[in-house]
Amino acid sequence: LRNNFNAPGLNIRLISLKLPDLLAKDVVVTPATLQADGDITIAWKEENVGLLTANSAWVTTFHLLPSTRADEGEILVGSVASAGELAAGQEVAREHTLRLPAWIPAGSGLQIRAEANEGRGFLEPDWGNNAALSQTLQAQAALSFRLAAPTVAEDAGTLGAEVWRNGDLS
């Protein structure tokens with residue numbers, strides 16, 4: 001099919017849209033050993049490989065991807081909004097520090113996925129290049145304890161608390 005195709009009673013015209021196209025890449029997480037309720041810093045790059053400036057704000061999300069265990073789902077661990085402009089052909093290095101949830105799966109084979117414009121803040125021709133994975137990470141097994149309230153009266157009688165473990169229970 002050529003750029004213009006004419007048949008009796010039918011006129012089809014193919015056009016290519018000039019759109020921004022964000023590419024996420026080079027995701028690095030520090031430290032590489034994760035701890036539940038601990039801070040991590042994620043560094044990554046976003047490049048506009050499209051033909052038009054990305055001039056609308058977008059959100060980059062971060063998911064913790066578990067190892068190959070089928071019973072573990074991915075966990076949204078944070079997001080960050082962009083300033084909203086990246087010219088065609090431009091690349092920007094970004095960095096974001098966030099606190100992990102109080103429970104993350106213990107073990108090795110974990111990764112962080114950074115996905116630019118996950119909420120589809122603007123149209124792109126290729127959604128498949130918006131996400132990139134970090135290096136392989138591991139999470140320490142931990143026994144965690146949290147009081148139900150920050151202070152307890154001396155005559156309260158009972159004390160509420162939670163105890164949980166993210167490692168192997170066998």
Side-chain angles (χ1 to χ4, degrees), residues 19-50 54-87 89-150 159-170:
L19 296 170
D21 188 9
L22 294 183
L23 168 76
K25 62 183 184 178
D26 302 337
V27 180
V28 177
V29 176
T30 53
T33 300
L34 309 179
Q35 188 160 358
D37 207 29
D39 288 342
I40 61 170
T41 298
I42 304 168
W44 76 102
K45 292 178 183 172
E46 292 174 346
E47 182 180 359
N48 182 355
V49 296
N55 59 7
S56 178
W58 67 88
V59 174
T60 300
T61 58
F62 307 102
H63 287 85
L64 176 64
L65 305 179
S67 60
T68 56
R69 286 181 43 183
D71 62 335
E72 295 176 337
E74 62 184 53
I75 301 167
L76 175 65
V77 293
S79 63
V80 62
S82 75
E85 188 161 307
L86 187 58
Q90 259 191 343
E91 175 180 289
V92 63
R94 299 193 186 278
E95 186 174 284
H96 183 62
T97 298
L98 57 86
R99 181 167 294 274
L100 291 170
W103 187 92
I104 58 173
S108 60
L110 305 170
Q111 290 182 294
I112 295 287
R113 181 182 70 225
E115 186 167 354
N117 197 24
E118 184 186 35
R120 310 296 193 247
F122 53 84
L123 186 61
E124 296 187 54
D126 182 7
W127 298 110
N129 64 3
N130 288 44
L133 296 174
S134 72
Q135 77 275 27
T136 301
L137 309 165
Q138 66 178 16
Q140 297 176 335
L143 181 64
S144 300
F145 174 81
R146 179 173 43 212
L147 293 174
L159 176 65
E162 293 178 284
V163 177
W164 66 93
R165 180 179 176 165
N166 68 338
D168 186 2
L169 299 177
S170 58

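The structure presented is a predicted model; accordingly, all values stated were derived computationally and were not measured.
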Ala139: partners by side chain to side chain contact (heavy atoms under 4.5 Å, CB included), with sequence neighbours left out: Leu34, Ile104, Leu110

What one should report as the nearest heavy-atom pair of Asn48 and Pro20 is OD1-CA, 3.6 Å

If the condition is salt bridge (Lys or Arg N to Asp or Glu O under 4.0 Å), which residues does Glu124 pass it with, not counting sequence neighbours? none

By side chain to side chain contact (heavy atoms under 4.5 Å, CB included), Leu98 pairs with (sequence neighbours left out) Ile40, Ile42, Phe62, Val77, His96, Leu100

If the test is side-chain contact (heavy atoms from CB on, under 4.5 Å), which one of Leu65, Ile112, Val27 qualifies with Leu133? Leu65

When rounded to the nearest 0.5 Å, the distance separating CD of Glu46 from OG1 of Thr60 is 3.5 Å

Taking only residues two or more places apart in sequence or in another chain, which ones pass side-chain hydrogen bond (donor to acceptor under 3.5 Å, both in side chains) with Ser79? none

For Ser108 against Gln138, the heavy-atom pair lying closest together: CA-CB, 3.9 Å

Could you tell me if the side chain of Phe122 sits less than 4.5 Å from the side chain of Leu19, heavy atoms only? no

Could you name each residue pair satisfying salt bridge (Lys or Arg N to Asp or Glu O under 4.0 Å) that touches residues 20-41, not counting sequence neighbours? Lys25-Glu47, Lys25-Glu91, Asp26-Lys45, Asp39-Arg99

Which pair of heavy atoms, one from Ala54 and one from Leu22, lies closest together, and at what distance? CB-CD2, 4.4 Å

So CD of Glu115 and NE2 of His63: to nearest 0.5 Å the spacing works out to 7.5 Å

Contact summary for Pro105 and Pro66, nearest pair of heavy atoms: CG-CB, 4.4 Å

So which heavy atom on Thr61 is nearest to which on Glu118, and how close? OG1-OE1, 2.6 Å

So, the side chain of Ser82 versus the backbone of Trp58: is there a donor-acceptor pair under 3.5 Å, distance only? yes

Residue list, side chain to side chain contact (heavy atoms under 4.5 Å, CB included) with Gln135, at least two apart or on another chain: Val28, Val29, Ala32, Leu137

Could you tell me whether a side-chain N or O of Gln111 sits under 3.5 Å from a main-chain N or O of Ser134, the two making a donor and an acceptor? yes

